[in-house]
Amino acid sequence: MSAAPRFVLRSVRFRHEREARWAELEELIKRVETQGPGTLSADEVLRLPVLYQAALSSLSVARHLSLDRGLLAYLEGLCTRAYLVVYGRARRRHGFLRTFFSQRFPELVFEVRGALLLACLLLLAGVACGALLTHLDPERFYGLIGAEEAQGRSPESSTETLYQILHETHSTSELSFFASQLFTNNAKVAMSAFACGFLGGVPTVLVLFTNGLSLGALSAVYASRHLSLDFWLWILPHGVTELLAIVIAGASGLSIGARVLFPGQQSRRRALAEAGRASGARVMGVVCMLLLAALLESFFRHNVHGYAARAAVALGSAAFWAYYFGWLGSRGQRLGRVP
Amino acid sequence: MKEHDLESPEGVVLKLRLADGGARAGAFMLDYTLANFVTGLMLLLGGAAGAHPVDEIGGAEGGYSLGLAMLAAFLVQNFYFIASELWLDGQTLGKRILGLRVVARDGSQLDAGRIYARNLLRDLELFVPLTFVLRPDLLLGDSPLAARLVSLVWLAILACFPLLNSEGARIGDLVAGTLVVAVPKLELLPDLAEATRERHSSSFTDAELDIYGEHELQLLEGVLRRAEQGAQTDLLNSIAHKIQRKIGRKGTLGSDPEQFLRAFYVAQRRRLEQRMLVGKRRARKRRR
């Protein structure tokens with residue numbers, strides 16, 4: 001008998017040869033998972049990918065060499081966890097926020113400019129319908145806008161009351177509460193417009209249209225008292241931002257819907273996943289826009305009453321967003337970054 | 001347990017085990033409770049700091065803190081999931097406790113867009129149907145019966161979506177291209193073949209060893225491992241007899257069925273591994 005250990009099976013010998021490296025990899029993985037990658041020394045960081053590839057190759061070989069179910073299960077688990085450690089980090093780049101706002105968000109919005117136009121048209125159609133219907137029959141106002149949204153304004157309110165609402169003031173603390181209420185409400189609308197896109201875009205269309213209807217109904221009431229200018233100057237300083245945000249969320253929803261219905265060359269699942277990812281990022285930007293709009297709607301609107309100032313902010317914000325999405329958004333295409 | 005095949009960049013196919021519905025529901029309950037607990041705490045503090053009861057708004061100085069509290073509450077409730085999945089590489093506290101993890105289906109890196117998308121749809125899948133069931137008047141108002149029925153069916157489909165597809169993916173997962181997998185536990189058990197003495201294993205002929213297949217071998221492995229932890233003499237006896245009858249050998253059992261089974265295990269495994277190397281695999285026993 002030779003002095004060297006005789007292995008009963010080839011697979012047993014294979015395991016003996018490699019066991020030490022697997023144990024080393026296991027120890028490194030567990031350390032990274034519990035304490036983070038910073039705890040590895042420089043040598044260990046260099047060793048990890050080597051061990052990971054060795055484990056993968058062990059797995060491949062074991063699948064063809066060994067019938068030990070315990071071993072195969074262990075190697076599957078080891079390779080999966082090593083894979084997650086090596087490749088599974090969520091992408092968190094340094095300066096992510098800066099890149100997102102200066103580049104990614106405008107480009108993402110520019111990408112769906114077709115859907116954006118459609119969403120805009122839907123909103124405007126809603127406004128036009130709402131205004132027309134209320135103009136022709138003031139009773140319809142109650143059908144088009146809920147009591148909560150109307151907040152005491154109706155075709156029966158006196159011109160005095162309506163004017164007052166446009167020019168009222170509140171204390172700062174009331175305004176901050178108001179702002180957060182607006183923001184949370186609008187953010188929910190935007191997110192539901194996005195979510196509904198999954199269903200082929202039909203609910204998104206409805207959401208945009210019905211929002212337009214209520215706005216149109218209100219505008220008709222004010223128009224009937226010759227307060228149109230006041231009304232629009234009251235709405236637009238924050239409205240430009242807010243409506244644009246909702247339109248973008250709607251466009252995101254529509255783009256998802258379009259991909260569900262017309263996936264082109266890709267499988268539906270794949271097309272949906274890609275559209276969903278881009279839309280998710282867009283809606284995050286939209287939520288930030290709504291935060292801005294909420295601040296304008298509460299603080300600015302109730303403290304500044306002059307026509308000139310309000311008009312300036314309305315036009316200024318329109319110009320800003322046009323620059324932001326139009327110019328910055330198309331920069332990707334112009335620089336050849338985006339096909 | 002459902003599996004998903006993922007090809008690593010090195011070309012090796014990894015079999016990821018998908019998380020089962022109960023574990024996912026449990027993790028969600030933990031996370032939701034935590035998020036709401038923090039939210040409730042914030043609203044309470046905000047209301048208290050403003051020296052007004054929480055449901056009295058529009059007061060003089062209470063607005064600031066309450067407004068801030070509402071904002072913070074909204075952010076926590078909606079973005080708790082998003083922030084922790086981003087920060088903890090696809091896990092939240094609840095998922096971590098139950099050993100689950102979010103990964104991208106095609107193995108690419110999780111990025112913010114995916115995580116936002118999968119969480120934003122939770123509203124549609126869970127909270128809208130829940131509101132519909134608990135407070136239908138909030139959603140439907142005075143809609144006619146037909147509309148209610150349609151909404152019910154539609155919401156039922158959305159909520160039960162995980163049951164309708166083979167991977168148990170929510171709509172959020174579908175839209176974002178992600179899956180929730182169970183993080184495997186690592187435990188290397190000693191090799192059974194090694195613990196067996198050499199002398200018994202050569203006493204089986206090739207013909208005898210060509211009857212059973214890999215499936216039976218692995219069942220035997222499971223039984224032997226369990227026997228190591230506790231006596232199972234009756235079971236071992238009956239299996240040993242069955243095998244002896246099948247391979248047509250009688251009388252060499254001796255007093256210890258376990259030793260016989262171990263010897264058989266080693267011999268069978270050697271035979272099957274040899275055949276596997278030349279490409280002849282038998283998954284199950286031959287049916288005569």
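Just so we're on the same page: letters track the sequence lines, and every chain starts at 1.
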Engineer: Give, as side chain, backbone, both or neither, the part of B:Leu188 having an atom under 4.5 angstrom from any heavy atom of chain A.
Structural biologist: both
Engineer: Could you have a look at B:Gly177, B:Ala112, B:Pro9 and say which one has the most heavy-atom pairs with chain A under 4.5 angstrom?
Structural biologist: B:Pro9
Engineer: How long is the straight-line distance from CG of B:Leu220 back to CZ of A:Arg69, given to the nearest 0.5 Å?
Structural biologist: 10.5 Å
Engineer: Check whether any side-chain heavy atom of A:Arg63 lies under 4.5 Å from a side-chain heavy atom of B:Val12, and answer yes or no.
Structural biologist: yes
Engineer: If you take all heavy atoms of A:Arg15 and B:Leu189, which pair is closest and at what distance?
Structural biologist: NH2-O, 2.8 Å
Engineer: Looking only at heavy atoms and a cut-off of under 4.5 Å, which of B:Ile82, B:Val181, B:Asp111, B:Leu186 has the most pairs with chain A?
Structural biologist: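 Greatest number of close heavy-atom pairs with chain A: B:Leu186.
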Engineer: Among A:Arg282, A:Glu26, A:Lys30, single out the residue with the greatest number of heavy-atom pairs under 4.5 Å to chain B.
Structural biologist: A:Glu26
Engineer: As an exercise, state the distance from CD of B:Glu3 to CD of A:Glu76, rounded to the nearest 0.5 Å.
Structural biologist: 7.5 Å
Engineer: With respect to chain B, which residue among A:Arg10, A:Gln53, A:His64, A:Met284 yields the maximal number of heavy-atom pairs within a distance under 4.5 Å?
Structural biologist: A:Met284
Engineer: Under 4.0 Å between a side-chain nitrogen and a carboxylate oxygen: does that hold for B:Asp106 and A:Arg269?
Structural biologist: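 A:Arg269 and B:Asp106: not salt-bridged.
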Engineer: Among all residues two or more places apart in sequence or in another chain, which pass the ring pair (Phe, Tyr, Trp, His ring centres under 6.0 Å) test with B:Tyr116?
Structural biologist: none
Engineer: Checking B:Arg101 against chain A: side chain, backbone, both or neither under 4.5 Å from a heavy atom?
Structural biologist: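 B:Arg101 touches chain A through side-chain heavy atoms alone.
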Engineer: Mind ranking A:Ser66, A:Ala278, A:Cys79, A:Ala275 by heavy-atom pairs under 4.5 Å with chain B and telling me who comes out on top?
Structural biologist: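 Counting heavy-atom pairs under 4.5 Å, the top option is A:Ser66.
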Engineer: Answer yes or no: is there a side-chain heavy-atom contact under 4.5 Å between B:Leu174 and A:Leu272?
Structural biologist: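 They are in contact (side-chain heavy atoms under 4.5 Å apart), so the answer is yes.
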Engineer: Taking atom CG of B:Leu14 and atom CG of A:Leu59, what is their separation to the nearest 0.5 Å?
Structural biologist: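 Reported to 0.5 Å precision, the distance equals 7.0 Å.
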Engineer: Quick one: pull up CG in A:Leu84 and CG in B:Leu16 and give me the separation to the nearest 0.5 Å.
Structural biologist: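 It comes to 7.0 Å.
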Engineer: Is B:Gln218 close to chain A through its backbone or its side chain, or both, or neither, when contacts mean heavy atoms under 4.5 Å?
Structural biologist: both
Engineer: So what's closer than 4.5 Å to chain B heavy atoms on A:Phe100: side chain, backbone, both or neither?
Structural biologist: neither
Engineer: Return the CD to CG distance between A:Glu33 and B:Asp89, rounded to the nearest 0.5 Å.
Structural biologist: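 Those atoms lie 10.5 Å apart.
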Engineer: With distance as the sole test, does A:Arg81 use its side chain to make a donor-acceptor pair with the main-chain N or O of B:Pro184 at under 3.5 Å?
Structural biologist: yes
Engineer: With the side chain counted from C-beta on, respond yes when B:Val175 and A:Arg259 share a heavy-atom pair under 4.5 Å apart, and no when they do not.
Structural biologist: no
Engineer: Is it true that a side-chain atom of B:Glu273 and a backbone atom of A:Leu67 form a donor plus acceptor pair closer than 3.5 Å?
Structural biologist: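 Pair found, side chain donor or acceptor close to backbone of A:Leu67.
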Engineer: Under 4.5 Å, counting heavy-atom pairs only, tell me which of A:Ser11, A:Gly70, A:Ala73 racks up the most with chain B.
Structural biologist: A:Ser11
Engineer: As an exercise, state the distance from CD of B:Glu10 to OH of A:Tyr87, rounded to the nearest 0.5 Å.
Structural biologist: 4.0 Å
Engineer: Does any heavy atom of chain A fall under 4.5 Å from the side chain of B:Leu217, the backbone, both, or neither of them?
Structural biologist: side chain
Engineer: Does any heavy atom of chain B fall under 4.5 Å from the side chain of A:Val283, the backbone, both, or neither of them?
Structural biologist: side chain
Engineer: Shorter than 4.5 Å, heavy atoms on both sides: which option in B:Arg105, B:Arg281, B:Gln274 has the most such pairs with chain A?
Structural biologist: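 Of the options given, most contacts go to B:Arg105.
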Engineer: Could you tell me which residues satisfy ring pair (Phe, Tyr, Trp, His ring centres under 6.0 Å) with B:His215, sequence neighbours excluded, listed by chain and number?
Structural biologist: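 In terms of ring pair (Phe, Tyr, Trp, His ring centres under 6.0 Å), with neighbours along the sequence ignored, B:His215 is linked to no residue.
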Engineer: If we only count heavy atoms from C-beta on, is the A:Thr80 to B:Arg17 side-chain gap below 4.5 Å?
Structural biologist: no
Engineer: What heavy-atom pair brings B:Gly107 and A:Tyr83 nearest, and what distance separates the two atoms?
Structural biologist: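 It is O-OH, 2.9 Å.
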Engineer: Work out which heavy atom in A:Gly276 is nearest to a heavy atom in B:Ala117; give both atom names and the distance.
Structural biologist: O-CB, 3.2 Å
Engineer: Taking CZ in A:Arg270 as the centre, count heavy atoms belonging to other residues, nucleotides or ligands within less than 6.0 Å. Is the count above 12?
Structural biologist: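 12 or below, so no.
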Engineer: Look at atom CZ of B:Arg225 and say whether more than 12 heavy atoms of other residues, nucleotides or ligands are closer to it than 6.0 Å.
Structural biologist: yes
